[in-house]
Amino acid sequence: MLELVAACQRELLSAPADEPVRPGAAESGLPPIGPPLPENGVGAAKAVTELSDRVLRTAIRSAGPRFFHFVIGGVTPAALAADMITTTADQNVGTWTSSPIGSRTEDIALRWLRELFGLPGEWSGVLTSGATMANFVGLASARRWWGLRHGADVDRDGLAGLPGVPVLASGYLHSSAVKSLGMLGIGRSSVRFHCDDTGRVDLAGMRAELAGLDGAPAIISASAGEVNTGAFDPISELADLAEEFGAWLHVDGAFGLFAGVSERTRHLVAGVGRADSVGSDGHKWLNVPYDCGFAFVRHPELLGPIFANAAAYLPGVDSEQPNYGNLGPESSRRARSFAVWASLAAYGRAGYRRMIEGHLDLAQRLAERVRAEPDLELLADVPLNIVCFRYHPNGVPEAELDALNTALAEAVLADGRVYFGTTRYRGVVAFRPAIVNWRTGPADIDLIVEVVLELAQRLRQVGP
Ligand SMILES: *Cc1c(COP(=O)(O)O)cnc(C)c1O
């Protein structure tokens, strides 16, 4: 089995630099309704060979250097190797007794992450499956705090009978924070947005709303790095507001928290150490494999009552050793810390700084290329690693641009040499390639412009 896996890995990892992101073979290689469950198995060798063949033929190369869709990181060599050990040792880091090494490594990994981002050492933390669950942990802590302010233990008794929870945010708020509010019973519609048409926070509006609450507790959910342009909420100003009105400040820094690793961008996250909770992602800019995120909470006493998994055969919340199943949403959990630890140990702070600064340079390079092309329009500043632009040739009326850019994005995905989709920014359809893969270099960036212009020309020759 190990030989089969190694062969598959060798093929995936030794692909030439210009390997298309989207392989020639269509879709999954599987019919929508697959064959029925076999009564008798074909054996491990045959099953694994079939899977490996299918992956090699059809899998989108999302871990490669030319994948710019969403915000999807690659995997460093150290993280890849560590993750294989994780799977092979198959630790359950829900309890200390089932995995002392997993629990202790998670301790260290979380401490290193706090140091990497300059967060206070006393904060509590937990690895999660991603930033969605990291937001969930932060907002669950906020919900518990909010309930206690109302004299209620919402984790024991629920939210019934209590007033609505006011959640204040700019237009940068990520969909996963809204999803988390839904999962927490606070409600997706609880968010009160204060922003202009780019999403930028309206501080005066937010202040007025907080003042109108007459001392009732509220949650401010801030974004360090929003997904269309990489823009940041002014964390310090929001921390000032939170302090003045006694609100909880949660910061979603899924990828933007990494701005703190470079002096060039550290100002963007200034004040994040004044937050009450912070969530971020490992599988994006840290370049560890799926799935991995992490949450930090200033008030360690909150997590136990929220996430305790209490049963006679399980350890208690306040046992001496960490039982991470009592500190986050998952009870049984894989040793995600192995890949985090190995990658941080392998490359250190300097290695990550080099990678991130390389990506900052690449984002500016792409912005320059876009500015230099008369048929391309840069739609926003580029503070970090996302470049928001569209195709906008002379003479094409505004009313036709959305359809043109949508068709162009479909052509880019079908072409597969580079890979990214569209968003809507200030009401218009736009591209927003995000640079987070450690292997991405200048040639990969230049190809974005080349492919867009080439496909656009082809599209316009064919006609509308
Ligand atoms: C990706 C992202 C999330 C969600 O993270 P998952 O890892 O997909 O759970 C949350 N917030 C922001 C800003 C993101 O970019």
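Counting starts at 1 for both ligands and their atoms, in listed order. Side chains included, hydrogens not; waters and symmetry mates left out as well; all remaining heavy atoms used.
With 3.5 Å as the limit, one finds no donor-acceptor pair spanning the side chains of Ser277 and Ser141. Between the side chains of His359 and Trp438, no donor N or O sits under 3.5 Å from an acceptor N or O. Using a 3.5 Å distance cut-off with no hydrogens or angles, the side chains of Ser221 and His250 do not pair a donor with an acceptor.
The ring pair (Phe, Tyr, Trp, His ring centres under 6.0 Å) test applied to His267 returns no partner, not counting sequence neighbours.
Using a 4.0 Å cut-off between a side-chain N of Lys or Arg and a carboxylate O of Asp or Glu, Glu263 and Arg353 do not qualify as a salt bridge. Here Arg207 does not pair with Asp202 in a salt bridge; the nearest charged N to carboxylate O distance is not below 4.0 Å.
Heavy-atom contacts of Phe255 reach the following atoms of ligand 1: 15 (O) (cutoff under 4.0 Å). If you number the atoms of ligand 1 from 1 as listed, the ones under 4.0 Å from a heavy atom of Asp281 come out as 1 (C), 5 (O), 6 (P), 7 (O). Atoms of ligand 1 found under 4.0 Å from any heavy atom of Val227, numbered from 1 in the order shown, are 15 (O). Under a 4.0 Å criterion applied to the non-hydrogen atoms of Ala254, ligand 1 contributes the atoms 2 (C), 3 (C), 10 (C), 11 (N), 12 (C), 13 (C), 14 (C), 15 (O). For ligand 1, the atoms sitting less than 4.0 Å from at least one non-hydrogen atom of Gly225 are 13 (C), numbered in the order shown with element in parentheses.
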Donor-acceptor contacts under 3.5 Å from residues 115-124 side chains, at least two apart:
none

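A heavy-atom separation below 4.0 Å is not found between Gly293 and ligand 1.
When only non-hydrogen protein atoms are considered, atom 1 (C) of ligand 1 lies nearest to Lys284 NZ, 1.3 Å. Thr132 OG1, 2.6 Å is the protein heavy atom nearest to atom 9 (O) of ligand 1. In terms of protein heavy-atom proximity, atom 11 (N) of ligand 1 is closest to Asp252 OD2, 2.6 Å.
At a 4.0 Å heavy-atom cut-off, ligand 1 does not touch Met133 at all. At a heavy-atom cutoff of 4.0 Å, ligand 1 is contacted by no atom of Glu226, backbone or side chain. When non-hydrogen atoms are compared, ligand 1 lies under 4.0 Å from neither the backbone nor the side chain of Phe70.
The heavy atom nearest to atom 7 (O) of ligand 1, out of those in His283, Lys179, His174, is found in His283.
Within a 6.0 Å sphere centred on CG of Leu13, other residues, nucleotides and ligands contribute more than 12 heavy atoms. Heavy atoms from other residues, nucleotides or ligands lying under 6.0 Å from CH2 of Trp248 number more than 12.
For ligand 1, the polar-atom distance check finds an N/O of Ala131 within less than 3.5 Å of one of the ligand's N/O atoms.
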